[in-house]
Amino acid sequence: MTESLFSAKPSQEINKIGDYFSGEFLDKIPVAVYSCDASGNLTAFNQASVALWGRTPEIGKEKWSGAFKIFNHNGLVLSPERSPMAKALKEKRALIEEIIIEKANGIKCHVLSHPSPLFSSTGEIIGAVDTLIDLTEKNASEEKHAMLAAIIESSDDAIISKTLEGKITSWNAAAEYMFGYKEHEVLGKHISILIPKSRLQEEDTIITNIKNGTKVDHFETIRITKSGREIAISLTVSPIKNSRGVIIGASKIARDISVQVAAQEQLQLYNSELEKMNSYKDEFIGMASHELKTPLTSVSLYLQMLARSLSDEANKKFVIRSVNQINKLSGLISDLLDVSKVQSGKLILRPDHFDLVELIDDVVEILQETNRTHTIVFEKELAGAGTIYADKHRVEQVLINLLNNAIKYSPKADRVIVKLSTTADRVRVEVKDFGIGVPIEQQQRIFDRFYRIEELGPAYSGLGIGLYLSSEIVSRHGGKLWVESALGAGSTFIFEFPFALTIQ
Ligand code: ADP
């Protein structure tokens, strides 16, 4: 049946183009096919032609093509009488030519035109049939292919493909540069030529992963070049699937990371050097402060004895001032010694039961004696007694440090408040001043060792270790120390810890 529609039976006489085709038959063909009579008048076309042209031409009224506009493959306009169909009719021969068809909506598509003349039973030309094959998709896929090939060739990473058996099937320019082999030297060779003997089992693991469809991502390893040099690379291996989804090989992307690896090793070396120097420094500070403290303690004792023996009040005052200065110096040295103890993990806590209210009272009294500029106000919000289990000497150290700072960093104020309160299981101490404040961005860093706010300049002396030690002592008690402040608006340093210290 099909045959009768498509072509005339050998016995049938063919006199005109209409004897060849029926419209219904043409519509069943999935590619664009149309016909013209010997003078070029359009006689038939199928739905695929309508789709390709983007319009429905009028039979008998249009000649050679139903397209809105045609161009040759270089993009020059082709008048219908110079179209491939017109040429085939004129020259009475079949031909193949690439043309560009522009649809009514302006979309252009590349088309392969195959006009072929048809003859009557008596051998006279009665028309021609043209098959139009849309090349747009094919061209796009060729372009994509060419683009991908160019990307692979210009990549700085070595891109290699191999079969599941490990045979190399492609090798880009970067692979040539990285491993030293030319493409023709490695195609068909086993990938193990790049793998050091001690790492050959890596390939089995990679292939097992690939066979299971799993990608190997950024695997850092060593490979060897043609000259035997080892290079550090980061490897990504992905399965290659055919159009049916079957894994047929693997693509390997290798990035040379020798520079990063060398830099990392160098950094590690510097870091361990730095750690060593740091521990020498801490050891030295520890030793020096210990050695300095002993004679200072003796000088302080002798001066106190001298003060007691002096009857002249003016001289006595000078000696007492000297004792106070020596005590300050001794405090600084103790802090330095504590820093080195913290660093070496030797800051031992000696907890005991004591009344925190009493301790704060004592500290306030002592500091108030030596500080005439500020009044230290003690506020307590306690229901019962303030007995806690902690290292009394260290808690006192924290309080003294926070109160001294509150006075030192509020030169224009005349008041400092220390407040004691409790929560369900914790004590909370707040030291509030009305001084220069701490900018938000530095509120974390002031608890670092030797950190001081630079902008303050030399007006405020200090070593930058008081808060570091205080925060260390509080956290060793299972608590925390922090600051709430704003520049110019004063600061509140707060610490909280459990009623009872548990020593692990
Ligand atoms: P020091 O006071 O010896 O410099 P600290 O460790 O006690 O060292 O404090 C670190 C830094 O934190 C200080 O240099 C200062 O810049 C800032 N600081 C501490 N307490 C206060 C405060 N109450 N108000 C404003 N700034 C403070």
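As the structure lists them, so they are numbered: ligands from 1, and atoms in each ligand from 1. All figures in this text were calculated on a predicted structure; none of them were measured in a lab. In this chain, residues are counted from 1 in sequence order. Reckoned from all heavy atoms, side chains included, excluding hydrogens, waters and symmetry mates.
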### Query
What atoms of ligand 1 come closer than 4.0 angstrom to any heavy atom of Val438?
25 (C), 26 (N), 27 (C)

### Task
Examine the proximity of ligand 1 to Leu463 and report which part, side chain or backbone, both or neither, has a heavy atom under 4.0 Å away.
backbone

### Message
Please compare Thr492, Leu467, Ile453, Asp448 and report which has the shortest non-hydrogen distance to atom 5 (P) of ligand 1.
### Response
Leu467

### Message
Please list, in number order, the atoms of ligand 1 under 4.0 Å from a heavy atom of Lys408.
### Response
1 (P), 2 (O), 3 (O)

### Residue Phe493 vicinity, atoms of ligand 1 by number, heavy atom under 4.0 Å
20 (N), 21 (C), 22 (C), 23 (N)

#### Entry: Options Phe447, Tyr409, Phe434, ranked by nearest heavy atom to atom 15 (C) of ligand 1, top entry
Tyr409

### Task
Could you label the plane-to-plane angle of the Tyr389 and His353 rings as parallel, tilted or perpendicular, counting under 30° as parallel and over 60° as perpendicular?
tilted

### Summary
Of Ile465, Leu332, Ile446, the one whose closest heavy atom lies nearest atom 17 (C) of ligand 1 is Ile446

### Query
How are the rings of Phe493 and Phe447 set to each other: parallel, tilted or perpendicular (split at 30° and 60°)?
perpendicular

### Query
Which residue and non-hydrogen atom of the protein lie closest to atom 7 (O) of ligand 1, and at what distance in Å?
Asn405 ND2, 2.8 Å

### Query
Of the backbone atoms (N, CA, C, O) and the side-chain heavy atoms from C-beta on, which set of Tyr451 has a member under 4.0 Å from an atom of ligand 1: side chain, backbone, both, or neither?
backbone

### Task
Could you tell me whether Lys182 and Glu185 have a side-chain N and a carboxylate O separated by less than 4.0 Å?
no

